[in-house]
Participant: 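What follows is a structure written as structure tokens; I'll ask about it next.
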Amino acid sequence: MTRLTLQLLGPLRVLDAGGTEIKIPSRKSRALLAYLATRPSESHARDRLASLLWEEADEELARTSLRQAIAALRKALPQACHAALVTTTDSVALDAAALHCDLVRFREALNSATKAALQEAAELYRGDLLDGFDARSTAFDEWLTNERLAVRRQATDALQTLTQLSIANQDVDTAMKACAKLLMLEPLNEGAHRTMMELHARRGAYAEALRQYRTCKDALRRELDVAPEPATEQLYRELMRRRRGSAGSSNDAG
């Protein structure tokens, strides 16, 4: 069976087996495909899908609109991929065996929880779930907001775990990459800022460590109008002392 590739993390992309992007003109068909792909092989009642995407329409019109969206989706997909869309009179599903989906692989990697798997999960998380997607449906948007937050929490937890595993394994480069991505998702995470300061210091990059402190301080002041925590200030002073000591040792050696 020819497989579809669906990228749900970041902007929605649908690719055929050769890697060519498939354009799906219908907004509702794209929304339907994305929704089904978040839980492949799970059957979804047509009534539920109709109310999710056409909540303001009456029941019969909503079901008619759903049939039209399914037809438009089949038309947009290559003939060899039609079997991926499984429909009955009462339900619609995607066949997981016919899909490569980054969200599915992301979840599998999280379940594995090894360092290598968490690195893969970090690479797969290219952005928020269906970033920038607008289905023009309040019910769908509410569902997407909740799903997006849940996946983002999973990503931040994975990045925190990966950072600590890498530090424990003396893998500073991987730790810094994971921590930097964590800070992109949570720019007000002081603990992550402190970790990044310490990682810079491990490499002797005290100027970068102190710059990280200023980035943290500026973000907290700008977004929350608060000062850094005492632990952050204490680390800053410690790094200042260590930098002076490092500079003094260099001068003595010279």
Participant: Will you find, in the side chains of R67 and T64, an N or O donor that is under 3.5 Å from an N or O acceptor?
Facilitator: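 Result is yes, a qualifying pair exists.
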Participant: Sort out for me which residue in I22, L94, L15 forms a side chain to side chain contact (heavy atoms under 4.5 Å, CB included) with L4.
Facilitator: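 That would be I22; it is the only one of I22, L94, L15 passing the side chain to side chain contact (heavy atoms under 4.5 Å, CB included) with L4.
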Participant: For A69 versus W54, what's the shortest heavy-atom pair and its separation?
Facilitator: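 Scanning both residues, the minimum pair turns out to be CB-CH2, 3.8 Å.
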Participant: Working to the nearest 0.5 angstrom, can you tell me the gap between I70 CD1 and S26 OG?
Facilitator: 11.0 Å
Participant: May I ask you to test the E229-R194 pair for a side-chain heavy-atom distance under 4.5 Å?
Facilitator: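 Yes - at least one pair of side-chain heavy atoms lies under 4.5 Å apart.
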Participant: So L144 and L130, side-chain contact (heavy atoms from CB on, under 4.5 Å) or not? Walk me through it.
Facilitator: CA-CA 8 Å; L144 179 55; L130 299 177; 3.8 Å; yes
Participant: Given side chains that start at C-beta, do those of Y125 and R152 come closer than 4.5 Å, heavy atoms only?
Facilitator: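 They are in side-chain contact.
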Participant: With a 4.5 Å heavy-atom cut-off, do Q160 and T163 have their side chains touching?
Facilitator: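 Q160 vs T163: side chains apart.
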Participant: What's the shortest heavy-atom distance between L110 and A158, and which atoms?
Facilitator: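 Shortest heavy-atom separation between L110 and A158 comes out as CD2-CB, 3.4 Å.
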Participant: Hey, which of I167, V172, L235, L239 is the one that makes side chain to side chain contact (heavy atoms under 4.5 Å, CB included) with E198?
Facilitator: L235
Participant: Would you call the rings of Y213 and Y236 parallel, tilted or perpendicular if under 30° counts as parallel and over 60° as perpendicular?
Facilitator: parallel
Participant: Is there a path of hydrophobic side-chain contacts, each under 4.5 Å between heavy atoms, that joins L199 and L118?
Facilitator: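 Cluster IDs for L199 and L118 differ.
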Participant: Going hydrophobic residue to hydrophobic residue with side-chain gaps under 4.5 angstrom, can you get from V104 over to L99?
Facilitator: no
Participant: Using a 3.5 Å distance criterion without hydrogens, assess whether the side chain of T232 forms a donor-acceptor pair with backbone atoms of P228.
Facilitator: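 No, T232 side chain to P228 backbone: no donor-acceptor pair under 3.5 Å.
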Participant: Are any side-chain N or O atoms of R13 and backbone N or O atoms of L6, one a donor and one an acceptor, separated by less than 3.5 Å?
Facilitator: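 Side chain of R13 to backbone of L6: no pair is present.
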Participant: Would you mind checking if E190 and K217 are paired as a salt bridge, meaning a charged N to carboxylate O distance below 4.0 Å?
Facilitator: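 Salt bridge between K217 and E190, a charged N being under 4.0 Å from a carboxylate O: no.
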Participant: Within the structure provided, determine whether R148 and W143 are in side-chain contact (heavy-atom separation under 4.5 Å).
Facilitator: no
Participant: For the OG1 atom of T38 and the CG atom of L129, what is their distance to the nearest 0.5 Å?
Facilitator: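 Interatomic distance, T38 OG1 to L129 CG, rounded to 0.5 Å: 7.5 Å.
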Participant: R46 and T88: which non-hydrogen atoms are nearest, and at how many Å?
Facilitator: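 R46 and T88 have their closest heavy atoms at NE-O, 2.8 Å.
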Participant: Would you find a donor on one side and an acceptor on the other, under 3.5 Å apart, between the side chain of S91 and the backbone of H44?
Facilitator: no
Participant: Verify, without hydrogens or angle tests, whether T20 (side chain) and D16 (backbone) share a donor-acceptor contact under 3.5 angstrom.
Facilitator: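 Absent.
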Participant: Should L52 and V92 be counted in the same cluster of Ile, Leu, Val, Met, Phe, Trp and Tyr side chains packed under 4.5 Å apart?
Facilitator: yes
Participant: Report the distance from atom CG of L159 to atom NZ of K181, rounding to the nearest 0.5 Å.
Facilitator: 6.5 Å
Participant: Got M176 and H200 here, is their nearest side-chain heavy-atom distance under 4.5 Å?
Facilitator: yes
Participant: Can you name the nearest heavy-atom pair linking L210 to M240, along with the distance?
Facilitator: CD1-SD, 3.5 Å
Participant: Mark yes when over 12 heavy atoms from residues, nucleotides or ligands other than E238 sit less than 6.0 Å from its CD; otherwise mark no.
Facilitator: yes
Participant: Examine distances only and state if a side-chain atom of D128 and a backbone atom of D131 form a donor-acceptor pair shorter than 3.5 Å.
Facilitator: no
Participant: I'd like to check R105 versus L124 (side-chain heavy atoms, cut-off strictly below 4.5 Å). Are they in contact?
Facilitator: yes
Participant: Has R136 got more than 12 heavy atoms of other residues, nucleotides or ligands less than 6.0 Å from its CZ?
Facilitator: no
Participant: Would you call R63-E60 a salt bridge at under 4.0 Å N-O?
Facilitator: no
Participant: Are the side chain of T174 and the backbone N or O of D171 linked by a donor-acceptor pair below 3.5 Å?
Facilitator: no
Participant: Mind listing the closest non-hydrogen atom pair of A192 and C179 along with its distance?
Facilitator: O-SG, 3.3 Å
Participant: Quick one: do R221 and D225 make a salt bridge, cutoff under 4.0 Å?
Facilitator: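 D225 and R221: salt-bridged.
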Participant: Atom CD of residue position E233 - does it have more than 12 heavy atoms of other residues, nucleotides or ligands inside 6.0 Å?
Facilitator: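 Counting other residues, nucleotides and ligands, CD of E233 exceeds 12 neighbours.
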Participant: Does the D95 side chain pair with the main chain of A97, one donor and one acceptor, at a distance under 3.5 Å?
Facilitator: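 Side chain of D95 to backbone of A97: a pair is present.
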Participant: Any side-chain to backbone donor/acceptor pair from H82 onto R74? Under 3.5 Å, distance only.
Facilitator: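 Looks like yes, one N/O pair under 3.5 Å.
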Participant: Would D218 and R211 pass as an ion pair if we require N to O under 4.0 Å?
Facilitator: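 Looking at R211 together with D218, the answer is no, because their closest N to O distance does not fall below 4.0 Å.
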Participant: Counting C-beta onward and ignoring hydrogens, is there a side-chain heavy-atom pair between L85 and T87 closer than 4.5 Å?
Facilitator: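 Yes, at least one pair of side-chain atoms sits under 4.5 Å.
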Participant: Can you tell me how far the CG atom of L12 sits from the CD1 atom of I24, to the nearest 0.5 Å?
Facilitator: 7.0 Å
Participant: Within this structure, what is the CG-CD distance for the pair L73 and Q68, rounded to the nearest 0.5 Å?
Facilitator: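 So the gap between those two atoms works out to 13.5 Å.
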Participant: Do any N or O atoms from the side chain of K28 and from the backbone of A135 form a donor-acceptor pair under 3.5 angstrom?
Facilitator: yes
Participant: Considering non-hydrogen atoms only, spot the tightest contact between L9 and D102 and give its length.
Facilitator: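 Answer, listing the atom of L9 first, then D102: N-OD2, 3.1 Å.
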Participant: Measuring from atom OG1 of T195 to atom NE2 of H193, what distance do you get when rounded to the nearest 0.5 angstrom?
Facilitator: 10.5 Å
Participant: For Y206, is there any backbone N or O sitting under 3.5 Å from a side-chain donor or acceptor partner on R243?
Facilitator: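 No; judged by distance alone, with no hydrogens or angles, the pair does not exist.
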Participant: Under 4.5 Å between side-chain heavy atoms, counting indirect links through other Ile/Leu/Val/Met/Phe/Trp/Tyr residues: same cluster for M196 and L182 or not?
Facilitator: no
Participant: Taking the side chain as C-beta and beyond, is there a heavy-atom pair between Q7 and V14 under 4.5 Å?
Facilitator: no
Participant: List the steps, then state whether side-chain contact (heavy atoms from CB on, under 4.5 Å) holds for D173 with R203.
Facilitator: CA-CA 10 Å; D173 287 344; R203 303 174 75 174; 3.7 Å; yes
Participant: Applying a strict under-4.5 Å side-chain criterion to I, L, V, M, F, W and Y, I'd like to know whether F133 and L49 cluster together.
Facilitator: yes
